[in-house]
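Numbers restart at 1 for each chain; the letters A, B, ... are given by sequence-line order, proteins then strands.
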2 protein chains.
Amino acid sequence: MGIADRKEREKEELRASILEAARKLFLEKGVEKTSIRNIADLIEYSPGSIYHYFRDKNEIFHALHQGGFHALGEKMQVLGSVQNPMERLKAMGSIYIRFAMENPDMYDLMFIKEAPIDHIYDQEHCDWKEGAGAFDTLRQTILQCIDQGYFKGHDVEPLSYMIWSTVHGMVSLNIRKRCEVIDFEDKDQIVNLGLQSLFKILDKL
Amino acid sequence: MGIADRKEREKEELRASILEAARKLFLEKGVEKTSIRNIADLIEYSPGSIYHYFRDKNEIFHALHQGGFHALGEKMQVLGSVQNPMERLKAMGSIYIRFAMENPDMYDLMFIKEAPIDHIYDQEHCDWKEGAGAFDTLRQTILQCIDQGYFKGHDVEPLSYMIWSTVHGMVSLNIRKRCEVIDFEDKDQIVNLGLQSLFKILDKL
DNA sequence: TTGTTTTATTGAACAGTGTTTAATTAAATT
DNA sequence: AATTTAATTAAACACTGTTCAATAAAACAA
């Protein structure tokens with residue numbers, strides 16, 4: 001069925017172009033200020049036609065959110081070359097924070113916003129597989145640290161959660177503009193100094 | 001001028017009733033789903049009249065956000081009786097987390113949402129005094145810890161930021177539903193276990 | 001008690017929003 | 001060529017925050 005194939009391909013292309021337009025507008029103006037009509041205007045289709053490719057606005061931004069996890073996963077690839085688990089844990093933190101600071105809107109979508117996560121729990125999927133995968137790489141690394149004698153007296157799950165929370169907390173306070181209360185010139189540097197503070201603590205455990 | 005006083009009082013009363021209605025609706029449905037018309041309906045005034053008491057919707061929610069900081073400050077009062085700075089720091093963490101978990105919508109408004117903080121930096125005030133005050137009590141406590149010999153090799157500012165980030169990270173991941181990836185039955189308890197993990201670390205510093 | 005001024009309140013309108021649907025157009029199949 | 005299927009659209013619905021001219025009410029001055 002050559003014709004069906006072509007139609008499938010064309011449908012996929014339009015779907016991709018909706019996503020591309022949504023991505024462009026989202027990075028320019030944010031999720032809330034990007035409307036279905038904006039996206040439709042950009043790809044020169046009517047607003048209604050978008051609903052033949054996506055159930056609703058949340059599904060579009062959920063797809064973008066997936067792309068963000070793919071991008072973050074790519075950046076984490078280099079961790080394969082770091083043998084020592086404690087060094088790998090630190091490198092993970094650095095990459096995580098760099099990703100968040102270089103792509104604040106994407107990070108916001110992935111870890112702060114309500115929109116894409118609400119969409120997940122409304123659907124039948126019912127589990128956040130992108131997040132679960134990312135958290136598992138952290139869990140495994142910390143497990144290896146424990147195996148090597150680090151983090152004595154700590155349980156993997158709460159410890160992984162706490163360490164994730166520390167880096168997430170630092171970047172999310174920054175992205176959501178709660179860092180102005182901190183006495184420091186450069187707002188980008190305070191995040192890195194906070195990370196150094198965390199590293200100093202990890203070294204003592 | 002008794003009449004002017006009464007008018008002032010009446011104006012203040014209506015302003016308060018707008019705030020009360022906004023608070024009620026906000027705690028029921030959240031900020032985004034609480035509209036000016038909803039508030040106006042509840043107090044039986046027209047939508048337009050609300051704009052004689054508040055510049056815009058953000059100003060209403062900024063006022064509620066201030067109320068949240070007042071409530072948090074009240075809960076922090078008991079810290080006065082804790083002499084040991086390290087014990088006080090831990091107690092601060094416990095109270096902070098309890099406040100966040102018991103008042104997730106208010107915490108969201110205070111530390112996660114864009115709305116009220118954007119309003120602050122749009123105005124001429126230009127500084128988040130509620131947040132600055134709260135952070136300073138943390139800073140002072142950590143400073144006293146350092147004076148007593150704790151946290152050797154750490155600077156106050158980055159360390160305070162990092163510790164705040166840890167507790168903020170834990171509750172904000174929870175409030176924004178990113179904790180489902182963590183392997184634990186009770187979602188409320190994981191926050192406390194994370195906090196216990198943090199306490200274990202603090203004990204070693 | 002007038003007339004005037006200030007203040008408060010309103011309904012309507014504006015320019016948006018996400019989403020649904022009936023009608024239309026285009027394409028593929030019979 | 002006729003019929004069926006799929007894609008696209010314009011229009012409508014029920015909202016949103018916000019503005020503004022018109023109205024009503026209250027306070028002040030003569």
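Scanning all heavy atoms of the two residues, the minimum distance from Cys179(B) to Lys187(B) falls at O-NZ, 3.6 Å.
The CD1 atom of Ile18(B) sits 15 Å away from the C1' atom of dG17(D) (whole-angstrom rounding). As rounded to whole Å, 10 Å separates atom P of dT18(D) from atom CD1 of Ile39(B). The distance from atom CD of Glu44(B) to atom C1' of dA8(C) is 17 Å, rounded to the nearest whole Å. The CZ-C1' distance, from Phe61(B) to dT16(D), rounds to 13 Å in whole Å. Taking atom NZ of residue Lys11(A) and atom C1' of nucleotide dT8(D), one finds them 12 Å apart after rounding to whole Å. Between the NE2 atom of His52(B) and the P atom of dT19(D) there is a distance of 11 Å, given to the nearest Å. Across the protein-nucleic acid pair, Asp41(B) atom CG and dT10(C) atom C1' stand 14 Å apart, rounded to whole Å. Following rounding to the nearest Å, Ile60(B) (CD1) and dG17(D) (C1') show an atom-to-atom distance of 11 Å.
Scored by the side chain to side chain contact (heavy atoms under 4.5 Å, CB included) test, Asp118(B) finds Lys177(A), Glu114(B) as partners (sequence neighbours excluded).
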Dot-bracket pairing map - DNA chain D, Watson-Crick plus G-U, both contacts under 3.5 Å, | cross-strand: |||||||||||||||||||||||.||||.|

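The side-chain hydrogen bond (donor to acceptor under 3.5 Å, both in side chains) analysis of residues 38-47 of chain A, with sequence neighbours excluded, yields the pairs Lys29(A)-Asn38(A), Ser35(A)-Asn38(A). Residue pairs that meet the side-chain hydrogen bond (donor to acceptor under 3.5 Å, both in side chains) test with at least one member in residues 79-94 of chain B, sequence neighbours left out, are Arg88(B)-Gln144(B), Lys90(B)-Asp203(B).
Summarising the geometry, atom CD1 belonging to Ile201(B) is positioned 12.0 Å from atom CD belonging to Gln196(B); distances are rounded to the nearest 0.5 Å.
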What does the list of N/O pairs under 3.5 Å between the protein and nucleotides 15-18 of chain C look like, with a distance for each?
residue	atom	partner	partner atom	Å
dT17(C)	OP1	Ser35(A)	OG	2.8
dG18(C)	OP1	Ile36(A)	N	3.3
dG18(C)	OP1	Lys57(A)	NZ	3.1
dG18(C)	OP2	Ile36(A)	N	2.9
dG18(C)	N7	Arg37(A)	NH1	2.7
dG18(C)	O6	Arg37(A)	NH2	2.9

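The aromatic rings of Phe111(B) and Tyr107(B) are tilted relative to each other, their planes meeting at an angle between 30° and 60°. Between Phe26(B) and Phe61(B), the two ring planes are perpendicular [angle over 60°; tilted spans 30° to 60°].
Checked against dT9(C), dT8(D), dA8(C), the side chain of Leu14(A) finds its nearest nucleotide in dT8(D).
For the pair Ser49(B) and dT10(C), the criterion of a side-chain N or O lying under 4.0 Å from OP1 or OP2 is met.
Contact annotation for Tyr53(A): backbone-only contact, meaning every heavy-atom pair under 4.0 Å involves sugar-phosphate atoms and none involves a base.
Contact of the Ile146(A) side chain with the Ile142(A) side chain is registered, since non-hydrogen atoms from C-beta on lie closer than 4.5 Å.
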Side-chain polar contacts of residues 15-23 of chain B - donor-acceptor pairs under 3.5 angstrom, sequence neighbours left out - could you list them?
residue	atom	partner	partner atom	Å
Arg15(B)	NH1	Tyr53(B)	O	3.2
Ser17(B)	OG	Leu14(B)	O	3.0

